[in-house]
Amino acid sequence: NAGVMQNPRHLVRRRGQEARLRCSPMKGHSHVYWYRQLPEEGLKFMVYLQKENIIDESGMPKERFSAEFPKEGPSILRIQQVVRGDSAAYFCASSLNRELNTEAFFGQGTRLTVV
Amino acid sequence: GESVGLHLPTLSVQEGDNSIINCAYSNSASDYFIWYKQESGKGPQFIIDIRSNMDKRQGQRVTVLLNKTVKHLSLQIAATQPGDSAVYFCAETYGNNRLAFGKGNQVVVIP
């Protein structure tokens, strides 16, 4: 079984461009979470999605950020008009179900650098 | 907003010794806790979990202790090895299954 797959691993964007980060969950997992990590910081929750639904986006900035998890294909985290402060590592995790005691498996992350 | 990055608390431990990493969690309603290990350039890797109806759980070379009275979690690593060098995060879960992470502790194993 492949784990959580994220691509690209590294992404460089100029200020004002768009960044698209992809996450394919583990096989059979229908719950996806996106986290952001700044250097020497913990992971900060951004958004929780199920197939075709956003369940909790309370950690995601209201402007420029959006996320989707379509019926077919990977989950996408989209950042429009990127700024230097968006530079961070973005991690995706997936879990099997919504139970409160379910382990979430993480991908290797996408490191976004805005120049 | 995001805080300015700070140097992580660092635990230096001699190879073969035991390590203890501590974590204070924030929400008394949290009922599931996980310790993750993160090596440089990689994603968090699950180590061990514990539910709030337990106060101790053991895995292979690792033990997690939970003190709900003072909202404290600890991870004990027995016979620390060079491969244990990493940043360790505790995480708690409440509501909607999302995990809230602590700031992390750097463990450096001295050969």
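The structure displayed is predicted, hence computed values, not measured ones. So that the names make sense, note that chain A is the first sequence line, chain B the second, and so on, each numbered from 1.
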- Message: Between A/T110 and chain B, with a heavy-atom cut-off of 4.5 Å, which part of the residue counts as in contact: side chain, backbone, both or neither?
- Response: neither
- Message: Quick check on B/Y36 against chain A: is it the side chain, the backbone, both or neither that has a heavy atom closer than 4.5 Å?
- Response: side chain
- If you group Ile, Leu, Val, Met, Phe, Trp and Tyr by side-chain heavy-atom gaps below 4.5 Å, do B/I48 and B/L65 land in one group? no
- Given that the side chain runs from C-beta out, which part of A/Q37 has a heavy atom under 4.5 Å from chain B: side chain, backbone, both or neither? side chain
- Counting heavy-atom pairs under 4.5 Å with chain A, the top scorer among B/G102, B/G104, B/G41, B/A100 is B/G41
- Query: Is B/I34 reachable from B/I47 through a run of I, L, V, M, F, W or Y residues, each pair having side-chain heavy atoms under 4.5 Å apart?
  - Reply: no
- Note on the structure: Expected contact set for residues 81-88 of chain A against chain B at heavy-atom separation under 4.5 Å reads none
- Message: Which residue in the set A/F91, A/Y35, A/F45, A/Y33 passes ring-ring contact (aromatic ring centres under 6.0 Å, His included) when paired with B/F101?
- Response: A/Y35
- Message: Using a 6.0 Å cut-off, check whether atom CD of A/E57 has over 12 heavy atoms from anything other than its own residue.
- Response: no
- Query: Of the backbone (N, CA, C, O) and the side chain (C-beta and beyond), which part of B/Q106 lies under 4.5 Å from a heavy atom of chain A, both, or neither?
  - Reply: neither
- Shared hydrophobic cluster for A/L38 and A/L21 (ILVMFWY, side-chain gaps under 4.5 Å): no
- In one Ile/Leu/Val/Met/Phe/Trp/Tyr side-chain cluster, 4.5 Å: A/I79, A/V47: yes
- Query: Shared ILVMFWY cluster between A/I55 and A/I76, side chains joined below 4.5 angstrom?
  - Reply: no
- Of all the heavy-atom pairs spanning B/K42 and A/R111, show the shortest one and how long it is. N-NH2, 3.6 Å
- So, for A/G42 and B/F89, which heavy atoms are closest and what is the spacing to 0.1 Å? CA-CE2, 3.4 Å
- Item | chain B neighbours within residues 9-18 of chain A, where any heavy atom lies under 4.5 Å away | A/R9
